[in-house]
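I have placed the structure first, in the form of structure tokens, so that the comments after it can refer back to it.
These numbers come from the heavy atoms of this one structure, side chains and all, not from hydrogens, waters or symmetry mates.
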Protein chains: 2
Amino acid sequence: MSEGSPTPRSRRERPAKPALTYEGIVDTAVRLMKSEGLQRVTMRRLAQELDTGPASLYVYVANTAELHAAILEDLLGAVDRTPVDGEGEWTDRLIAVLGSYTQVLFEHPSLAHSALVARPSGPNYLALVEAILALLHEGGVPDAQAAWGVDVLLQVATATAAEQSARDRNSAAEDEVRSLITALRRASPETHPRIAAVGDALVSGTPQERLTWIFRSVIQGTLTTPTPADTNRADDSLREPPDTGSAPSRK
Amino acid sequence: MSEGSPTPRSRRERPAKPALTYEGIVDTAVRLMKSEGLQRVTMRRLAQELDTGPASLYVYVANTAELHAAILEDLLGAVDRTPVDGEGEWTDRLIAVLGSYTQVLFEHPSLAHSALVARPSGPNYLALVEAILALLHEGGVPDAQAAWGVDVLLQVATATAAEQSARDRNSAAEDEVRSLITALRRASPETHPRIAAVGDALVSGTPQERLTWIFRSVIQGTLTTPTPADTNRADDSLREPPDTGSAPSRK
DNA sequence: ACCTGAACACCGTTCAAGT
DNA sequence: ACCTGAACACCGTTCAAGT
């Protein structure tokens, strides 16, 4: 599986245009994303980077969405999962893992938005899900609740990063927030008594404080809210048998 | 297209081309969105619908994002807020309002995704925030927690609608979910013990069941999780950290 | 003063034709 | 058999020039 040794006899050798592979395409896409943002990772721009035409990429990648999902999966490798086996309260360690995930999205703002739709299924994503489940298990959260909770936790983290990063990059989004704040402040106690009553609390706190509170309260809700499944199936014998022997043919 | 309308021959009277106004533009945009989806509500397509050039729209709308936010604000008028003054448990009525909001997004799937970024500040959005705050207040949720909770509740509702609607319209997204499910099922108990242990619970339940559980658990978390503001501040305004460390680093 | 035609600088995706 | 040039059908946004 070794590549042929390069024989550098040609002096007008180009900068080693690498053969197109899925890995090479994703690597280049990640590099391009880090340097220019996801909005520049287009099929055409990426093809240009790879010194080919856009049509060639379609041999390896089905469409732009799949390309973006592949970038996300790659980036998830940077999430720090070490708190899983660390010390301290399990909730704090869970918040640390979720915070690291959010941080990764923040560092690449353009990615967060697409992460809300892209559903990666690669090893880095699975490892993250496993880490969160392990911490919820350690905290004594029932399996059914933990299973549904992991989705919500990743969802709020992703959505928060997407919102925040939209503001960073898009001045129009910032204007929208500004006018929302103005509208909230101007809300009359007559027509909007509760908005007037809570006042600045609607927009108070640092993003950091708010995010930590969100994690804490969603964890709390997950811990204390039974799923309907708990009443439906009391025993856990509904699990699929391991796929030894007969392969399940239905998809 | 609206051709073949009976126009008098003598005059070149067109089919009553309405003068451009902000309201007229938004109305047409909403109609176009309902008939062809948000992805067709482009500046160019909308201008075509209004029988003008795209440049003319920029007199009234700053950019595409603002246009989409205006559409969302209009659609929020369809949210059923009557449960606020209804009967029954406050949590059930809150879930009903949030469910109606989610339903509106579901009925116009293309809108949900943009709703995650667009921050409307119109009357319909304010009325929705007011309604949620009123219900949280009725439930005895402290103001500071209610203020932060309303954001999370709208966020999870929006994100859920966006995810679900992405699947409906985009077969690629559906494939992604399918391969995620496969990946979860195949997870080895050796490397991913918790994923293996919870098994199908990760993907169990109807969207309806899951969404209701999400609302319930986020409400529960909001109710029981104190904000740092409760201990930190009395009535002081928030101060921004100096943030002098932003060095212009070149790479 | 107000509006817009035309241009600039891009897109995703497909497929016939070339190697 | 594999790859890609070229085309199709679009985009957002700007601004000089026309009325």
Side-chain angles (χ1 to χ4, degrees), chain A residues 3-4 14 16-26 28-29 32-33 35-71 110-111 113-114 117-118 166 169-176, chain B residues 1 12 14 16-26 28-29 32-33 35-71 110-111 113-114 117-118 166 169-176:
Chain A
E3 305 251 340
R14 306 228 215 90
K17 174 181 174 178
L20 283 187
T21 63
Y22 179 80
E23 286 76 18
I25 289 171
V26 173
T28 305
L32 187 57
M33 190 273 263
S35 64
E36 305 191 14
L38 194 70
Q39 57 280 135
R40 293 274 172 260
V41 186
T42 64
M43 292 303 230
R44 294 179 98 104
R45 182 72 180 78
L46 181 58
Q48 181 187 318
E49 206 72 9
L50 288 163
D51 198 17
T52 183
S56 305
L57 301 181
Y58 283 85
V59 176
Y60 304 92
V61 181
N63 49 46
T64 307
E66 190 179 298
L67 179 65
H68 289 182
I71 294 173
S110 49
L111 193 64
H113 189 237
S114 100
V117 177
R169 112 175 0 260
N170 187 337
S171 63
E174 208 177 334
D175 288 350
E176 280 174 13
Chain B
M1 226 61 79
R12 204 151 304 158
R14 310 237 202 83
K17 172 180 175 179
L20 283 187
T21 63
Y22 179 78
E23 287 75 18
I25 289 172
V26 173
T28 305
L32 187 57
M33 190 273 265
S35 64
E36 304 191 14
L38 193 70
Q39 58 279 135
R40 292 276 173 258
V41 186
T42 63
M43 292 303 230
R44 295 179 98 102
R45 181 74 179 77
L46 181 57
Q48 181 187 317
E49 205 74 9
L50 289 163
D51 198 17
T52 184
S56 306
L57 301 180
Y58 283 86
V59 177
Y60 304 92
V61 182
N63 50 47
T64 307
E66 190 179 297
L67 180 66
H68 288 183
I71 294 174
S110 48
L111 194 62
H113 188 238
S114 100
V117 177
R169 107 175 5 256
N170 188 335
S171 64
E174 208 177 335
D175 287 350
E176 280 175 10

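- Take A:Ala29 and apply the side chain to side chain contact (heavy atoms under 4.5 Å, CB included) test, not counting sequence neighbours, and it matches A:Val41, A:Leu46, A:Leu67, A:Ile71.
- By the 4.5 Å heavy-atom criterion applied to side chains, B:Glu49 and B:Arg45 are counted as neighbours.
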Item checked: Sequence-aligned protein contact record of nucleotides 12-19 of chain C, with B where the base is within under 4.0 Å of a protein heavy atom and S where only the sugar-phosphate is -> BBBB----
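- Residues A:Leu20 and A:Ile25 are in side-chain contact: their nearest non-hydrogen atoms beyond the backbone lie under 4.5 Å apart.
- With the nearest nucleotide of DNA chain D identified for both A:Gly53 and B:Arg40, A:Gly53 has the one nearer the 5' end.
- Distance, A:Leu50 CG to D:dT4 C1': 14 Å, rounded to whole Å.
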Next item on the list: Decide yes or no on side chain to side chain contact (heavy atoms under 4.5 Å, CB included) for A:Val26 and A:Glu23, but give the supporting numbers first.
Entry: CA-CA 5 Å; A:Val26 173; A:Glu23 286 76 18; 5.9 Å; no
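- Under the rule for a side chain to side chain contact (heavy atoms under 4.5 Å, CB included), the partners of B:Arg40 that lie at least two apart in sequence or sit in another chain are B:Glu36.
- Looking at DNA chain C, the stems built from 3 or more consecutive Watson-Crick or G-U wobble pairs, each pair with its key distances under 3.5 Å, are C:4-8 with D:12-16, C:12-16 with D:4-8.
- Atom OG1 of A:Thr28 and atom CE of A:Met33 lie 13.0 Å apart (nearest 0.5 Å).
- By the side chain to side chain contact (heavy atoms under 4.5 Å, CB included) test, A:Tyr58 is found to be paired with A:Met43, residues two or more places apart in sequence or in another chain being considered.
- Spacing between atom CG of B:Leu67 and atom C1' of D:dC11 amounts to 14 Å, rounded to whole angstrom units.
- Minimum heavy-atom separation, A:Gly24 to A:Thr21: N-OG1, 2.9 Å.
- Taking atom CD of residue B:Glu49 and atom C1' of nucleotide D:dC11, one finds them 17 Å apart after rounding to whole Å.
- D:dA9 and C:dC8 have their P atoms separated by 22 Å, with the value rounded to a whole Å.
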